[in-house]
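Below is one structure, written out as structure tokens; comments come after it.
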Amino acid sequence: MQTPDPAAVRAFLEDRHVELAAGIAEFGAREIGTLAEPADDGAARAQARHILEVLGRADWFAPIGDQDLRACCLIREALAAASPLADAVFALQALGSLPIVLAGTAQVKERWLPAVRAGRAMAAFAMTEPDAGSDVASLATTARRDGSDYILRGTKTLISNAGIADFYTVFASTDAALGRRGISCFVVPADAPGLRYVGPQVLSAPHPLGEIAFTDCRVPAACRVGDEGEGYRLGLATLDRLRATVAAAACGMAARALEEALAHALGRRQFGKPLAEFQLIQEKLARMAIELAAARLLVYRAAWEADRAGGAGGATRVTLEAAMAKAFATEAAQRIVDAGVQILGGRGVLASHPVDRLYRSVRALRIYEGTTEIQHLIVAGQLIRAAEAARAARGNS
Ligand SMILES: Cc1cc2nc3c(=O)[nH]c(=O)nc-3n(C[C@H](O)[C@H](O)[C@H](O)COP(=O)(O)OP(=O)(O)OC[C@H]3O[C@@H](n4cnc5c(N)ncnc54)[C@H](O)[C@@H]3O)c2cc1C
């Protein structure tokens, strides 16, 4: 069984994707899967920077700039199966740089995108604040124009790569009176005066996370990405496009759990026969495989739609399908990984076992880049709007 498995979603892929899937599966197993799980947060941060270089040297970040979402999904599936930390490194290169790809000036693109692609610059995406999580529009960080600069003030929390990133793509209000229409996006170099890494927020799975603060942080106006007031739309467009890749990472973790569970069920004997011969175990394996197959179909359908829609992002169908894919795949992956642990028995909860690492890693996927509840609100909102429009059209005819 190969992760990713292009045969499972062939209808949504081009020939180049099939080739890429084989390449990243082999690379992931050889270069990433062989890295030991970091012992603590400091080691995770060092390993993340190492992985960045390894992926950059092999040019695996290229599909981010090329906006080939299906390729990004295949890469995230393979990396998540080999190492959820490596998946996070890839994910943040995409999240932190896509706003630049979509709306950056030539100068900002030139400064950061080649370095992102080569793994010489690590990206971060700073949206969440202590009082603005799901309700992004309520963010309180401000960016005040001062001559040819902006001055940023505020705090960002739960930021992946905080403390190790080379730049942060930051969302701040340039006009509080305008609410979400007053939010703008900035690329802030990590060494900008007034930007401070407050400290780490340590997860149970290896994943560099932390807080940053802006105290009169001065950046040239040229660091703004898109027009003033365009930040909210740009942030949502970025999340819309990349949501399918979070779902793909969930599939990668689920696929690895299924692989580990299957191998164990075939090898482990109890009551005189392999676990795989017990129907209660078979039922678990079957559910895991069915949910994984369904999740993959939703993921690659969403990515295919996004690739068809082109770079603009935010198209209605992409929003709906990406939300469906993220909600279903991340929830399914949680169930699949949990079943994997159960089949492994006691070995499945040993910190040294890959399935235990998956168990600790998969949980966050249901929370970041929009929780499951928020995805459900998006799906229901679209259903209701479509039904209302149909009803209004009937009323007018
Ligand atoms: C591992 C990890 C990495 C992250 N990396 C980043 C990053 O790099 N950059 C970044 O900006 N952020 C990042 N985040 C933050 C993440 O995006 C937020 O945690 C997420 O958006 C939820 O916000 P919150 O934690 O404040 O929860 P809240 O918004 O406070 O939500 C708490 C609970 O209430 C529910 N809820 C909220 N509103 C509603 C509603 N209207 N209806 C029903 N239920 C609702 C939520 O679904 C959730 O279950 C990361 C988080 C994690 C865990």
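Atoms within a ligand are numbered from 1 in the order they appear, just like the ligands themselves.
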* Evaluating non-hydrogen atoms only, which member of S160, G370, P208 is closest to atom 3 (C) of ligand 1? ->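 Of the listed residues, S160 has the closest heavy atom.
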* Asked: Hey, looking at atom 6 (C) of ligand 1, which of L158, L203, T169, V170 has the closest heavy atom?
  ->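 Shortest heavy-atom distance from atom 6 (C) of ligand 1: L158.
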Mode of [X] contact toward ligand 1 - side chain, backbone, both, neither (heavy atoms, under 4.0 Å):
X    : value
T371 : side chain
D135 : neither
K156 : neither
S134 : both
L377 : side chain
L95  : neither

* To do: Indicate, with yes or no, if L13 and I75 share a hydrophobic cluster defined by side-chain heavy-atom contacts under 4.5 Å among Ile, Leu, Val, Met, Phe, Trp and Tyr.
  =>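 They do share one cluster, since a chain of ILVMFWY contacts under 4.5 Å joins I75 to L13.
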* To do: Please check if V341 and M253 belong to a single hydrophobic cluster, counting links between Ile, Leu, Val, Met, Phe, Trp and Tyr side chain heavy atoms closer than 4.5 Å.
  =>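 Yes, same cluster.
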* For E129, the option from T155, T157, T141 that meets side chain to side chain donor-acceptor pair (under 3.5 Å) ->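 The residue from T155, T157, T141 that satisfies side chain to side chain donor-acceptor pair (under 3.5 Å) with E129 turns out to be T141.
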* To do: Check ligand 1 against E369 and write out every atom of the ligand that is under 4.0 Å from a heavy-atom position of the residue.
  =>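 Selected atoms, number and element: 17 (O).
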* Asked: Charged N to carboxylate O below 4.0 Å: is that the case for R49 and D166?
  ->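 A salt bridge is present here (some side-chain N lies under 4.0 Å from a carboxylate O).
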* Asked: Below 4.0 angstrom, N of the basic side chain to O of the carboxylate: do E260 and R256 qualify?
  ->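 Yes, E260 and R256 are salt-bridged.
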* Would you say atom 34 (O) of ligand 1 touches the protein, meaning some protein heavy atom is under 4.0 Å from it? ->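 Not a single protein heavy atom is under 4.0 Å away.
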* **Test item: protein heavy atom less than 4.0 Å from atom 23 (O) of ligand 1** =>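 Given the 4.0 Å cut-off, atom 23 (O) of ligand 1 counts as touching protein heavy atoms.
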* To do: Establish, for the pair R145 and Y150, whether the NZ or CZ atom is under 6.0 angstrom from the six-membered ring centre and no further than 45 degrees off its axis.
  =>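 Judged by the rule, R145 and Y150 form a cation-pi pair.
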* To do: Report yes if the side chains of Y168 and N161 come closer than 4.5 Å at any heavy-atom pair, otherwise no.
  =>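 No; the side chains remain at least 4.5 Å from each other.
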